[in-house]
Amino acid sequence: MSESQEEELKEKILNIARKNPKGITDNDITTAIPDLTSAELVTTINKLLQQGCFDIYKQGGSLVYRLKAQSSKQAVKGADNEEKVVFNLIEEAGNKGIWIRDIRNGSNLANTQLTKVLKNLESKKLIKAVKCVNASKKKVYMLYNLEPDRSVSGGAWYQDQDFESEFVDILNRQCLRFLQQRADKIKNNPRGPIIGRTQSYATAAEVQKYITDLGISNVKLEVEDVITILNTLVYDGKAESSVYPDGSKVYRAIETLIPPPGLVQVPCGVCPLIHKCCSSGLVTPQDCVYMAEWLD
Amino acid sequence: MSHQLGRVVSEILLRYFGEIVEKVGKDLFMYGSKPIGMILKTTGLPRAQIVDSLRTLLKFDLASFEPSANEVIADYKLIPENVLLLIRYPRYLLQMKSKFGSEAELLVEELLQQATCTATELVVTLAIKYKDDKEKNINIVKLKDVFISLATAGYIQQAPVAEIKEGSEIPTLVPVATIVPDLDARQLMQVMNSGNLAEANDNVYWKVNYDRFHQDFRDDLMIKAVTRRIDDNAGELMRFLLQQMYLTSAAWAPESNPAPALELRESCRRAAAERPLLHQHADQYLKVLEENGTGFVRRSGDAAGGQFVVRVRHAAEQLVLSVIEHTVQERLGSKAARIFRLIRSKKYIGEEDIQKHAMLPNKECKELTYKLLEQHFISVQPMRKAASAGGMAKAIYLYHINLHEVAHTTAQMCYRSLHNVVRRGAHERQQHSRLLHKQRRVRTIVHGMRLRNEPQQNIDDVEETLTPPERAALASVEQRLKQLSAAELELDRTLFILDWYFTYPH
């Protein structure tokens, strides 16, 4: 089979595929092109698969070929073979991204060539490099138009792959303020403590609405994000959580069980040198400067 | 029995009983129980002094004795817990004053000072002491009544009686069931007028029952905690529950016997005048009390409209946890406290998960975790993968909290702090001893002159021997000492919670 024949065959098969966007089977091809041998069919289909024209599926015991979306095909138009291979690898990785070493292994390209290809693709704005949050030096590549996955970007709490502790702190404080506004409802509520308790509880959705209305965040916060923040409040000992009968989690601001105990009211309780303090020597209670400051 | 406890105990003994008793006490603390001969050898004190010190220690219940192996001589042992109680005396008095009035306070104060004493002696001494005090207006009948009500409420009890068993020369102290005495006011008057205590023929001795006070302190802690968490109506309900507990259960039982809701509602009804809300919503308050995060109260059954159990042991655990959390927060910051609580709520947790849940930057989170570990607030459990070859095997480190151990760490810190505070107080007193001494002398002289009605001019002259700078210095020392003794009391409160927790086996 000569080159021209092969190209002709490919065009034919592609035409059939274009007519049936839902996909075609081997049977469809043989009925459309009756003089095709099965050996020729297999080689041509394999070539087309290699070029990435088709996606292959199994449907009810027979194979179905479906034409790939045109956009991604067009994007690599005018690119050489290496670029196509690399692009396909990156495309497959989806929004999780792919590491440069995995591209190298998958494409069998030399390091220098690969960097050149990647640079080319980047300059064409086909792909982008994203820094991964859990490993700061690791860069992953993904298609330009994709939003990075939470595991890569870290979700709402990361800006340029840095954890935004100030942002979290502010949200933490605002959530607490919201809970505290209603916390007092339980105290001597004339309608009884159960109603009071219900009034002092806030669901995560309510908190989320409050935070969104405040407009302190330019990122859209999901209810799950707010729950993470509310959980930090629980771990701070400033709120307790409970579950409503319908399964939604509710939160309520609380006070500690006891006021600060005596141990932390004396300087020794917070003294960094407490384990070095002896009856004699350099650190003694008699000449302790912390204690002198506290007594004056 | 730790080194820190020994330090604080000897410091307290030094303050209240002086050097010799301190030496004997320290010796007993270090070596456990030992007979007089051995104390003589290690301390090098004269025998008479040792006997005297032991007598003092035994009198105030700070030491105990038991026959040694040969049944002829006694072994002595220090009771460090009781030595620490010396710090708590002001709290006992305050409790008395707020609950039974100033007569009770005077009675308990006198009894604490005497250690043991007969009822007649106690009442008569006080009556004589305050005979001329018009302000307090103490009379013997009132004192007698208060004494009887204290005995009934169990704040004072009969002292144990020494009994000599057959074949032994060492007496043993046998506790006696307290019988509320029937004191005759007329006879007491007679004794007071004659001044001869032997006349009364009263040989029942009394002492303060610390345990009863401690129950009060415990109740107070639980009620306050509930009040902080919910509101004062709920606190009042907690009080009713605890009152029920006194009727049906052992004082320090880990869980009380179930109290029927019916009786609680009855208590609420009786308090309806002061607390209309509690009466109106008694059932709801019970539910809220049962369902809040503290878990002080548990519903044990539905018979008779619900049965409720007070979980005393659980309450102790919660309060100790609160103490520890406060300590972590003050020592290492609120972020560390967040990690601490997180580990506590997840039981066992790896480093990665801590970072994820605590919402802290990786570096800070690791640093705080290691600091918590370093200061023994959390523990780590390495989990090695079995049968994996070489250095490739990566162990997983799970962090967890052993509350009992952490409570011990905290108790050690309390002992250390208490020692430091007492020591500092002694140091301040010693440094300004000349001034304090002078002030005392001036005061006595002025007092004497006032009694003799000497002219104001002379009194002023004497008072002016204290120069203004000296007065300023004295004021500042007094201020410091006051702050230190307030700190002692607060530390004692913390230790009380920890002791309460340690009473239950773990």
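Order of the sequence lines fixes the chain letters, A, B, ..., with proteins taken first and strands second; residue numbering starts at 1 for each chain.
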Regarding Lys287(B) and Glu291(B), does a basic nitrogen lie under 4.0 Å from an acidic carboxylate oxygen?
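A salt bridge is present here (some side-chain N lies under 4.0 Å from a carboxylate O).
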
Considering only heavy atoms and a distance below 4.5 Å, find which of [options] pairs most often with chain B.
| options | result |
| --- | --- |
| Ile194(A), Val270(A), Val264(A) | Ile194(A) |
| Ser165(A), Ser200(A), Gly237(A), Pro259(A) | Pro259(A) |
| Pro272(A), Cys271(A), Ser242(A) | Cys271(A) |
| Ile258(A), Val266(A), Asn172(A), Asp287(A) | Ile258(A) |

Nearest heavy atoms of Val223(A) and Ala204(A), plus distance in Å:
CG1-CB, 3.9 Å

For Val421(B) versus Met291(A), what's the shortest heavy-atom pair and its separation?
N-CE, 4.3 Å

Does Glu478(B) CD have over 12 foreign heavy atoms under 6.0 Å away?
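Enclosed.
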
Rounded to the nearest 0.5 Å, what separates atom CZ in Arg423(B) from atom CG in Asn420(B)?
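Result: 9.5 Å between the selected atoms.
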
How long is the span from the CZ atom in Arg341(B) to the OG1 atom in Thr232(A), to the nearest 0.5 Å?
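Rounded to the nearest 0.5 Å, the CZ-OG1 separation comes to 11.5 Å.
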
Which residues in residues 492-500 of chain B have a heavy atom less than 4.5 Å from any heavy atom of chain A?
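Thr494(B), Ile497(B) fall under the 4.5 Å cut-off.
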
Between [Y] and [X], is there a side-chain heavy-atom distance shorter than 4.5 Å?
| X | Y | result |
| --- | --- | --- |
| Leu230(A) | Ser241(A) | no |
| Ile274(A) | Arg331(B) | yes |
| Met142(A) | Ile98(A) | no |
| Tyr144(A) | Lys128(A) | yes |

Among side-chain atoms of [X] and [Y], is any donor-acceptor pair under 3.5 angstrom?
| X | Y | value |
| --- | --- | --- |
| Ser433(B) | Gln430(B) | no |
| Glu351(B) | Tyr399(B) | yes |
| Arg275(B) | Asn233(B) | yes |

Does any heavy atom of chain B fall under 4.5 Å from the side chain of [X], the backbone, both, or neither of them?
| X | answer |
| --- | --- |
| Glu240(A) | side chain |
| Ala292(A) | both |
| Arg252(A) | side chain |
| Cys277(A) | both |
| Glu255(A) | both |
| Asp236(A) | both |
| Ser279(A) | both |
| Pro267(A) | neither |

Quick one: which of [options] has the most heavy-atom pairs under 4.5 Å with chain A, could you say?
| options | result |
| --- | --- |
| Met359(B), Arg480(B), Met413(B) | Met359(B) |
| Arg424(B), Glu11(B), His427(B) | Arg424(B) |
| Leu360(B), Leu221(B), Leu319(B) | Leu360(B) |
| Glu330(B), Lys356(B), Lys224(B) | Glu330(B) |
| Glu488(B), Arg229(B), Glu490(B), His357(B) | Arg229(B) |

Segment of [X] engaging chain A (4.5 angstrom heavy-atom cut-off):
| X | value |
| --- | --- |
| Gln318(B) | both |
| Ser334(B) | backbone |
| Lys346(B) | side chain |
| Thr227(B) | backbone |
| Leu277(B) | side chain |
| Glu325(B) | neither |

Taking the cut-offs as 6.0 angstrom to the six-membered ring centre and 45 degrees off its axis, would you call Arg7(B) and Tyr415(B) a cation-pi pair?
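Arg7(B) over Tyr415(B) ring: no.
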
Run Lys209(A) and Asp213(A) through salt bridge (Lys or Arg N to Asp or Glu O under 4.0 Å) and show every step you take.
CA-CA 6 Å; Lys209(A) 189 171 175 298; Asp213(A) 291 349; 3.3 Å; yes

Could you go through Gln199(A) and Arg182(A), starting from their C-alpha distance and side-chain angles, then the distance that decides it, and tell me whether this counts as side-chain contact (heavy atoms from CB on, under 4.5 Å)?
CA-CA 7 Å; Gln199(A) 283 175 347; Arg182(A) 11 175 103 194; over 6 Å; no

Can any side-chain N or O of Arg228(B) pair as donor or acceptor with the backbone N or O of Thr256(A) at less than 3.5 Å?
yes

